[in-house]
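Here is the structure we will look at.
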Amino acid sequence: MILERGMVETIAAALSAHGLILRGGFNFAGGEGTPSGLSGAAARSVLLVGQAGAAPWPHFLRWLEKQSQPIDDSLDRWSRGVIGAVAEKFGARAVSPSDRPYLPFQQWAMQAEGLKPSPLGILMHPQYGLWHAYRGALLFENEIALHERRDVIHLCDTCLEKPCLKSCPVAAYSADGFVHETCLAHVRGQNGGPCRTGGCLDRNACPYGIDYRYPAEVQAFHMAAFAR
Ligand code: B12
């Protein structure tokens, strides 16, 4: 049985009630590395769930305010709850970017939306720039009827200045990749205040997707989780 487009649209509507969006999907070619679906058999397709800008943030905060005790990994917990409920309704298995062993979310996103990595490792989106993320995925044991994927302009190819590689005081991102320890030591240290309160300076230096840039409060939340 094929998962019809109408069903995909219904799933998208259910997610949008929480500020989440469908980030495309694809049918697995099969073979090694194919994750399992709800019954344990190999999944035939995946729909990625994520966010553009900080759209889920007010929904998440409303949920957080109702919790009687502090919650570890609260955004993950909220995402698992919301996406898990949608998965249950539509007969899918929900997975999270934080599940271990890590699932290849960025590779899936490249396949689903035709995105490519920016010099920071974060995928560059033609509209959202670097201000988007993945909160989960729905794995189905049916194939999905999907629109043909359109070619996507990779904005980093036309960006000559590359301010994203020039704004970090400790050059944690360079042509050689991301040096996690250097970034972490700086963010946690005496001079890391601007990163802690306003987010990664390199990411904020990107000229694309400005309208989707996460507010400082949201960036501080993610940075605190990163630096914990
Ligand atoms: C482990 C991890 C990290 C580690 C990377 C350590 C390492 N060198 O491997 C650390 C802790 C450094 C990290 C940091 C960040 N991460 Co991270 N991370 C992950 C995670 C959970 C697993 C990656 C993985 O191993 N996947 C398994 C492999 C098989 O899958 P893959 O698709 O092939 O993985 C690719 C990525 O790992 C990528 N990669 C390797 N190193 C790094 C480093 C960075 C900074 C990024 C963004 C990607 C990246 O290259 C792989 C090859 O394609 C993913 C979620 C996921 N499940 O993929 C998020 C993920 C890649 N991270 C993400 C983000 C946004 C970040 C941050 C920029 C922001 C944040 N969350 O705080 C920070 C950077 C800090 C800063 N300066 O702001 C997003 C990227 C979204 C996007 N738009 O592309 C993801 C997809 C999580 C999400 N919920 O959306 N991350």
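Excluded from the calculations below are hydrogen atoms, water molecules and symmetry mates; all remaining heavy atoms, backbone and side chain alike, are included. In each ligand, atom 1 is the first atom listed, and ligand 1 is the first ligand listed. Small disclaimer: the values here were computed from a predicted structure and weren't measured.
Minimum heavy-atom separation, G199 to N204: C-ND2, 3.7 Å. The shortest non-hydrogen separation linking A216 to G198 is CB-CA, 4.5 Å. The shortest non-hydrogen separation linking L155 to P126 is CD1-O, 3.6 Å.
Closer than 4.0 Å to atom 21 (C) of ligand 1 lies at least one heavy atom of the protein. Within the 4.0 angstrom cut-off, atom 78 (O) of ligand 1 has one or more protein heavy-atom neighbours. Protein heavy atoms are found less than 4.0 angstrom from atom 27 (C) of ligand 1. Closer than 4.0 Å to atom 66 (C) of ligand 1 lies none of the heavy atoms of the protein. Distance screen at 4.0 Å: atom 63 (C) of ligand 1 has no protein heavy-atom neighbour inside the cut-off. In this structure, atom 3 (C) of ligand 1 is not in close contact with the protein, since no protein heavy atom lies within 4.0 Å of it. Inside a 4.0 Å radius of atom 83 (N) of ligand 1 there is at least one protein heavy atom. Taking a distance limit of 4.0 Å, we find that atom 18 (N) of ligand 1 is approached by no protein heavy atom.
Heavy atoms of C183 approach ligand 1 to within less than 4.0 angstrom. Not close to ligand 1: W108, with no non-hydrogen atom less than 4.0 angstrom away. Distances from ligand 1 to the non-hydrogen atoms of H125 include no value under 4.0 Å.
Heavy atoms of P97 found under 4.0 angstrom from ligand 1 belong to the backbone as well as the side chain. Counting heavy atoms closer than 4.0 Å to ligand 1, residue F226 contributes side-chain atoms (C-beta onward) but none from N, CA, C or O. For F178, every heavy-atom contact with ligand 1 shorter than 4.0 Å involves the side chain, none the backbone.
The shortest N or O to N or O distance between Y134 and ligand 1 is below 3.5 Å. An N or O contact shorter than 3.5 Å links Q107 to ligand 1 by distance. Between L120 and ligand 1, not a single N/O pair is under 3.5 Å apart. Where the criterion is an N or O separation shorter than 3.5 Å, residue side chain and backbone included, L103 meets it with respect to ligand 1.
The residue from P104, S96, P101 that puts a heavy atom closest to atom 30 (O) of ligand 1 is P104. One option in R100, Q219, Q106, H132 has a heavy atom closer to atom 37 (O) of ligand 1 than any other, and that option is Q106. Residue nearest to atom 10 (C) of ligand 1, selected from R135, H180, R23, M110: H180 (by heavy-atom distance).
Note that CG of L123 is 9.5 Å distant from CG of L130, once rounded to the nearest 0.5 Å. Atom-to-atom distance recorded for K162:NZ and C164:SG is 7.0 Å, nearest 0.5 angstrom.
With hydrogens and angles ignored, the 3.5 Å screen pairs a side-chain donor or acceptor of Q67 with a backbone N or O of W63. A donor-acceptor contact shorter than 3.5 Å is absent between the side chain of K166 and the backbone of A205.
Of the residues listed (V82, V218, L75), the one engaging F60 in a side chain to side chain contact (heavy atoms under 4.5 Å, CB included) is L75, and it is the only one.
Protein heavy atom at the shortest distance from atom 69 (C) of ligand 1 is R203 NH1, 3.9 Å. Distance from atom 25 (O) of ligand 1 to its nearest protein heavy atom, with residue and atom name: Y102 CD1, 3.6 Å. Among protein heavy atoms, atom 68 (C) of ligand 1 sits closest to I122 CD1, 3.6 Å.
Atoms of ligand 1 found under 4.0 Å from any heavy atom of C200 (numbered from 1 in listed order, with element): 77 (N), 78 (O). The atoms of ligand 1 that sit less than 4.0 Å from any heavy atom of L123 are 82 (C), 83 (N), 84 (O). Applying the 4.0 Å criterion to heavy atoms of Y173 picks out, from ligand 1, the atoms 45 (C), 74 (C), 76 (C), 77 (N). Atom numbering of ligand 1 starts at 1 in the shown order; those under 4.0 Å from a heavy atom of A133 are 90 (O).
The pair E141-R44 does not count as a salt bridge, with every side-chain nitrogen at least 4.0 angstrom from each carboxylate oxygen. No salt bridge links R80 with D73; every basic N to acidic carboxylate O contact stays at or beyond 4.0 Å. Between R149 and E113, no side-chain nitrogen of the basic residue sits less than 4.0 Å from a carboxylate oxygen of the acidic one, so the salt-bridge criterion is not met.
No continuous path of ILVMFWY side-chain contacts below 4.5 Å connects F105 to L138, so the two sit in separate hydrophobic clusters. Both V49 and M7 are part of a single hydrophobic cluster, where members link through side-chain heavy atoms under 4.5 Å apart.
Side chains of R23 and L115 form a contact here, defined as non-hydrogen atoms less than 4.5 Å apart.
Y173 pairs by the ring-ring contact (aromatic ring centres under 6.0 Å, His included) definition with F178, not counting sequence neighbours. Checked against ring-ring contact (aromatic ring centres under 6.0 Å, His included), Y212 has the following partners two or more places apart in sequence or in another chain: Y128.
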